[in-house]
Amino acid sequence: MYIAGEWCFAESGATFPTIDPNTGREIARIPRGSASDVARAVEAAAGAARDWQFTDAIARAALLRRLSQLVSANTADLAELEAVDSGHYLSKARDLVTAIPLWLEYWSGMADKVNGRTITVPGEKMSLTVLEPLGVTAHIVPWNYPLLVMVRSIAPALALGNTCVVKPAEDTSLSALKFAELVEQAGFPPGVFNVVTGMGAEAGAALASNPKVRGITFTGSTETGRTVAKLASEHIAQLNLELGGKSPLIVLPDARLDDAVEGAIQGFCSHAGQVCVAGSRLLLHEAIADEFLNRLEARLKDTRIGDGFDKATQMGPVVSQKQYDRIMSYIEIGRQEAELRIGGGRPANVGPDGYYIEPTVFDNVSPRARIATEEIFGPVTAVIRWNDVDELLKLANDSDFGLFSVIWTESITKALNIARRLETGSVIINDWFGELPMTPHGGTKQSGLGREEGFEAVHGYTQVKHIGINLEERLTTNWADAPL
Ligand code: NAD
């Protein structure tokens, strides 16, 4: 682990295994950090916080740029770690890692451009605001996009003068540890960036409940998000919650069907469906539903599923035995609740090892079925048919989640009318999701609080200080006449 600029084991000496999902084999052992390791990391971050806050923003930006160059120079290593740990197939992992410098550069550019404002007030007075860092920020990361999800929150945190303690997911700690090596090489002062590996209920909970942690960015399931929010409430830490989804992918009768099919496959098969914004509810207009599903089935026949290190692979394994069993149990539930149209098992071309699952489509799913309402987090989608836009909107919004939605239509008027009525943090028209540092990402309802990315993320990593100044030569009111 990386604490206070030093490499260390857990104080207890405990470790846990990390498994390659492509083969099911153990590839490394990771320190199992506990509350005492977390306390040391938070102390280190708290000790470094004041100097880092008052380091010139231009100097903080320069360090982030140096880090960005080091990430670029280490793309191959980071991509292999992401592939062997999280199950991204290698060429996709390379694309993902190649994009990471965008986030570091966007926020290094922002470091000296985030300012407060001056406010007009009555009388001989001036008021202004200063945006200040929170201090120590905690970053609790899931296993599906370990490096990207960590970088998208630590980049603004560091740029805006906060110090960081990262807790990677127990299944995928390797890229965060490699990244810490690059932070060290870039020359960040000790304590500014720390990584504690370990279990969620131990290291994660200790981090979320540490009273010196002033801001928490948690990305993960809604269920764990609730626990983290409770822990944060004990010491009133600021919270960003980036949680789960059950996103509708809506196809109108006038849509370009082949493009919509392509988008739908990306929506539920990208990273084997382990994507927060996965299009796991396919809302098809009745007039095109059968034709759409025929084309979807034909296109899915070409999908090459297998080991992420095989060049031909387009869809790798799911991350762990636990996830594999969970997704398979939802497929069983789906068989009871709806009509299995495509897939539904282990692909015929893979051997007995590794956690591979076929793209699976259920048709004629009732809107309140479990497979239509619960996040499965695997390559499974539920087709729900509709006839008019009012019915469509009811179906789309009938969800506890509100992360993301997609609309396919050639009518921009219809698209914008529907977009304005969807209860989700993002709506994409005629495209699939491409995460970028410039555009805000986050959910409504039980999909989260706050926004990552875009200028909106500034609010998650700063607090407002108001400074009021009386410009009178001497006070013109005595204390008893003062308004408050
Ligand atoms: P998870 O909730 O199981 O774990 C996320 C992180 O929380 C891990 O680091 C884990 O160790 C930690 N954790 C677990 N218990 C904890 C506790 N009691 N206290 C503190 N930390 C604890 O999620 P996951 O299975 O790793 O990730 C999948 C979930 O993440 C899905 O629901 C997905 O939708 C969501 N996700 C959301 C976004 C987004 O931007 N909205 C992005 C990626 C993933």
Side-chain angles (χ1 to χ4, degrees), residues 103 107 110 114 131-145 148-160 162 164-169 200 204-205 207-248 275-278 373-375 377 396-405 422-428 433 435-464:
W103 274 260
W107 286 104
M110 197 74 97
V114 169
L131 292 192
E132 296 185 339
L134 304 173
V136 179
T137 55
H139 304 256
I140 303 178
V141 180
W143 46 259
N144 60 340
Y145 291 86
L148 172 64
V149 170
M150 176 186 69
V151 170
R152 78 182 186 189
S153 76
I154 60 100
L158 292 172
L160 302 175
N162 301 277
C164 300
V165 180
V166 173
K167 210 300 277 170
L207 184 56
S209 50
N210 189 307
K212 287 197 176 161
V213 168
R214 301 309 321 138
I216 301 174
T217 296
F218 170 82
T219 310
S221 60
T222 297
E223 195 188 344
T224 314
R226 264 186 219 110
T227 306
V228 167
K230 281 183 199 142
L231 296 173
S233 75
E234 288 295 320
H235 55 112
I236 319 289
Q238 188 164 308
L239 263 182
N240 298 322
L241 295 176
E242 298 290 335
L243 309 177
K246 191 75 191 175
S247 301
V275 183
C276 56
V277 295
T373 52
E374 297 174 19
E375 188 182 42
F377 225 55
N397 290 333
D398 181 18
S399 174
D400 292 338
F401 297 108
L403 189 58
F404 181 76
S405 47
L422 287 173
E423 296 165 358
T424 58
S426 300
V427 182
I428 299 291
F433 186 61
E435 193 162 344
L436 287 168
M438 308 88 185
T439 50
H441 169 68
T444 62
K445 302 200 260 185
Q446 294 187 30
S447 288
L449 275 182
R451 291 293 178 268
E452 288 292 295
E453 302 164 332
F455 193 75
E456 289 75 4
V458 166
H459 303 302
Y461 300 98
T462 54
Q463 53 195 336
V464 178

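Since we're looking at a predicted model, the values are computed, not measured.
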Over all atoms of both residues, closest heavy-atom pair of [X] and [Y]:
| X | Y | answer |
| --- | --- | --- |
| Ala396 | Leu422 | CB-CD2, 3.6 Å |
| Leu207 | Ala138 | CG-CB, 3.6 Å |
| Ile140 | Gly204 | CD1-O, 3.8 Å |
| Ala229 | Leu241 | CB-CD1, 4.3 Å |
| Val166 | Pro168 | O-CD, 3.7 Å |
| Gly245 | Ser447 | CA-OG, 4.1 Å |

Under 3.5 Å side-chain donor-acceptor pair for His139 and Thr137 | yes
Using a distance-only test with no angle check, is there a side-chain donor-acceptor pair under 3.5 angstrom linking Thr217 and Tyr461?
-> yes
For [X], check salt bridge (Lys or Arg N to Asp or Glu O under 4.0 Å) against everything at least two apart and list the hits.
| X | result |
| --- | --- |
| Glu435 | Arg152 |
| Glu374 | Arg370 |
| Asp400 | none |

Please step through side-chain contact (heavy atoms from CB on, under 4.5 Å) for the pair Phe218 and Leu239, ending with a clear verdict.
-> CA-CA 8 Å; Phe218 170 82; Leu239 263 182; 5.5 Å; no
Could you tell me whether the side chain of Thr444 and the main chain of Gly402 form a donor-acceptor pair under 3.5 Å?
-> yes
Just to verify, what does [X] make a side chain to side chain donor-acceptor pair (under 3.5 Å) with, not counting sequence neighbours?
| X | answer |
| --- | --- |
| Thr224 | Ser221 |
| Trp103 | Glu453 |
| Glu375 | none |
| Thr424 | Ser405 |

Applying side chain to side chain contact (heavy atoms under 4.5 Å, CB included), name anything that partners Ala237, two or more places apart in sequence or on another chain.
-> Ile216, Ala232, His235
Go through the structure and list residues passing side chain to side chain contact (heavy atoms under 4.5 Å, CB included) with Val136, not counting sequence neighbours.
-> Val42, Ala45, Ala46, Thr163, Val165, Val213
Given Cys164 and Met150, is the side-chain contact (heavy atoms from CB on, under 4.5 Å) satisfied, shown in steps?
-> CA-CA 11 Å; Cys164 300; Met150 176 186 69; over 6 Å; no
With a 4.5 Å limit on heavy-atom distance, are the side chains of [X] and [Y] in contact?
| X | Y | result |
| --- | --- | --- |
| Phe455 | Met438 | no |
| Leu243 | Phe401 | no |
| Thr373 | Ser399 | no |

Does Phe377 have any ring-ring contact (aromatic ring centres under 6.0 Å, His included) partners at least two apart in sequence or in another chain, and if so, which?
-> Trp143
Tell me, which pairs form a salt bridge (charged side-chain N to carboxylate O under 4.0 Å, His left out) where one or both residues lie in residues 438-451, sequence neighbours left out?
-> Glu423-Lys445
Applied to residues 209-233, the salt bridge (charged side-chain N to carboxylate O under 4.0 Å, His left out) test, sequence neighbours excluded, yields Glu43-Lys212
When you look at Glu452 and Ser153, which way does the side-chain contact (heavy atoms from CB on, under 4.5 Å) test go after all the steps?
-> CA-CA 7 Å; Glu452 288 292 295; Ser153 76; 3.2 Å; yes
Roughly how far apart are Leu134 CG and Gln463 CD, rounded to 0.5 Å?
-> 5.0 Å
Rounded to the nearest 0.5 angstrom, the NZ-OG1 distance for Lys246 and Thr222 is 12.0 Å
Exactly one of Leu158, Ile154, Leu160 clears side-chain contact (heavy atoms from CB on, under 4.5 Å) with Trp107, and that residue is Leu160
